[in-house]
Number of protein chains: 2
Amino acid sequence: MRLSTKGRYAVTAMLDLALNGTEGPVTLADISENQGISLSYLEQLFAALRSKGLVRGVRGPGGGYYLGREADEISIADIICAVDEWVEFTRCKGRQNCQDGQRCLTHSLWDDLSQQIFIFLSDITLQDLVQRGEKREAERLEKKAATAAVSKVVGLKGRAA
Amino acid sequence: MRLSTKGRYAVTAMLDLALNGTEGPVTLADISENQGISLSYLEQLFAALRSKGLVRGVRGPGGGYYLGREADEISIADIICAVDEWVEFTRCKGRQNCQDGQRCLTHSLWDDLSQQIFIFLSDITLQDLVQRGEKREAERLEKKAATAAVSKVVGLKGRAA
DNA sequence: TAGTATCCGAGCAAATTACTGGGTAATTGC
DNA sequence: GCAATTACCCAGTAATTTGCTCGGATACTA
């Protein structure tokens, strides 16, 4: 799992789509204008998103992009995975002492952590973000609840400080 | 919050330190060997970690690195923040329509998300990962022992007619 | 047929990643 | 003191990624 600016661009663009695409498709030119991302870079991102079925393009005048699925069926993890491909962190493949021994322990631990972050981001949908935008008053409470829920799901209790 | 390979390297190295540094300091050469990271790159990472007080270096023969604090006082977020500086996603700073309007809504939403991930990673300490590793190791040994015991009982031979 | 917009791909500047190689400073054992 | 060891430091640099410019082709609307 990676969290880079590329992924942020994609999430931001998809969020723009979810917010403004309620009636009719949204053009990349609009998103480019709104979010300050170059059109060609958006095209690249949306090519990846399209190949994963996360968006649906409509050509011609009046065209643009729709979400490929309902907003509550698209998770942040879906988006990030579509544009930021998953790099395996298995440098030790084939190295000695790295089969089942202590050497590789840290690697598998990181993989676990990565997996948990993935689960975390899989539980947040575009719809969640839209709703968060709609009601900002309960923001802090919601955040707290979300974090608690995640801890519960993930099962990794933190230090009780 | 960013999640890059650089951060992974740092977390993995710190985990190595937590695992192998129980008696005496650990040299970067060892970590380099264990984790397959170049020595000089480790030096760069550890310079950043040291400046944040996450590790403590000891020079001379028999020297190396200690954790700067107890393992349960070092979070994954601490480590990642030390090496992967926090890039603000505020491209829109100064752009029109981006003060408090709809245009900037997606940005603040992402900031919220980023914050949640930060909180999530702040709640996971090195100690948590070590314990997870121990548990995993224990399960593995247990499984092996159980398998061995079963083999002994069953005999592991003969046609299971 | 003209205009709009997605699609597509080559190329490129800037930044980041990860490394090489040159050292210096502190500490240890002889 | 002397040599070995290790952290520490810094300049350079190849490889990769990021984000963009440019020039098109294809599909659709009017």
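FYI, side chains are in, hydrogens and waters are out, and symmetry mates aren't considered; it's all heavy atoms of this structure. In the text below, chain A, chain B and the rest are named by the order of the sequence lines, each starting its count at 1.
Put simply, CG on B:Leu45 is 14 Å from P on D:dC8, counting in whole angstrom units. As a whole-Å value, the separation of A:Tyr9 OH from C:dA15 P is 13 Å. Rounded to a whole Å, the CG atom of A:Leu39 is 12 Å from the C1' atom of D:dC22. Rounded to whole Å, atom C1' of D:dT18 lies 16 Å from atom CG of A:Leu3. Note: OH (B:Tyr66) to P (D:dC8) measures 13 Å, nearest angstrom. Whole-Å rounding puts the A:Gln35 CD to D:dG19 P distance at 14 Å. Rounded to an integer number of Å, the gap from B:Arg56 CZ to D:dC8 C1' is 16 Å.
For C:dT17, the OP1/OP2 oxygens have no side-chain nitrogen or oxygen of B:Arg8 closer than 4.0 Å. Here B:Arg50 does not reach the OP1 or OP2 of D:dA7: none of its side-chain N or O atoms lies under 4.0 Å away. Applying the 4.0 Å criterion to OP1 and OP2 of D:dT18, one finds that B:Arg2 has every side-chain N and O outside that range.
Distance from the side chain of B:Thr5 is smallest for C:dA18 among the nucleotides C:dA18, D:dC20, D:dG19. Of the candidates C:dT17, D:dC20, C:dT6, D:dC20 carries the atom nearest the A:Tyr41 side chain, counting heavy atoms from C-beta on. Of all nucleotides listed (C:dC8, D:dC8, C:dG11), C:dG11 comes nearest to the side chain of A:Gln44.
Among the atoms of the strands shown, only primed sugar atoms or phosphate atoms (P, OP1, OP2) are found under 4.0 Å from some heavy atom of B:Tyr65. Among the heavy atoms of the strands lying under 4.0 Å from B:Leu28 are primed sugar atoms or P, OP1, OP2 only; no base atom is included.
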### Task
Go along nucleotides 23-30 of chain C 5' to 3' and tag each nucleotide: B for a protein heavy atom under 4.0 Å from its base, S when only backbone or sugar atoms are that close, - otherwise.
--BBBB--
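Take B:Arg59 and apply the salt bridge (Lys or Arg N to Asp or Glu O under 4.0 Å) test, not counting sequence neighbours, and it matches no residue. Applying the salt bridge (Lys or Arg N to Asp or Glu O under 4.0 Å) rule to B:Arg69 yields the partners B:Asp78; only residues at least two apart in sequence or on another chain are considered.
For the pair B:Tyr66 and B:Pro25, the minimum side-chain heavy-atom distance is below 4.5 Å. Two residues are said to be in side-chain contact when any heavy atoms from C-beta on lie closer than 4.5 Å; A:Asp30 and A:Asp16 fail this criterion.
Where A:Ser40 and A:Ser4 meet DNA chain D, the nucleotide closest to each residue was compared, and A:Ser4 sits on the side nearer the 5' end.
Under the 3.5 Å distance criterion, the side-chain polar atoms of A:Ser38 are matched with a main-chain donor or acceptor of A:Tyr41.
Using a cut-off of 4.0 Å between Lys/Arg side-chain N and Asp/Glu carboxylate O, A:Asp84 and A:Arg2 are scored as salt-bridged.
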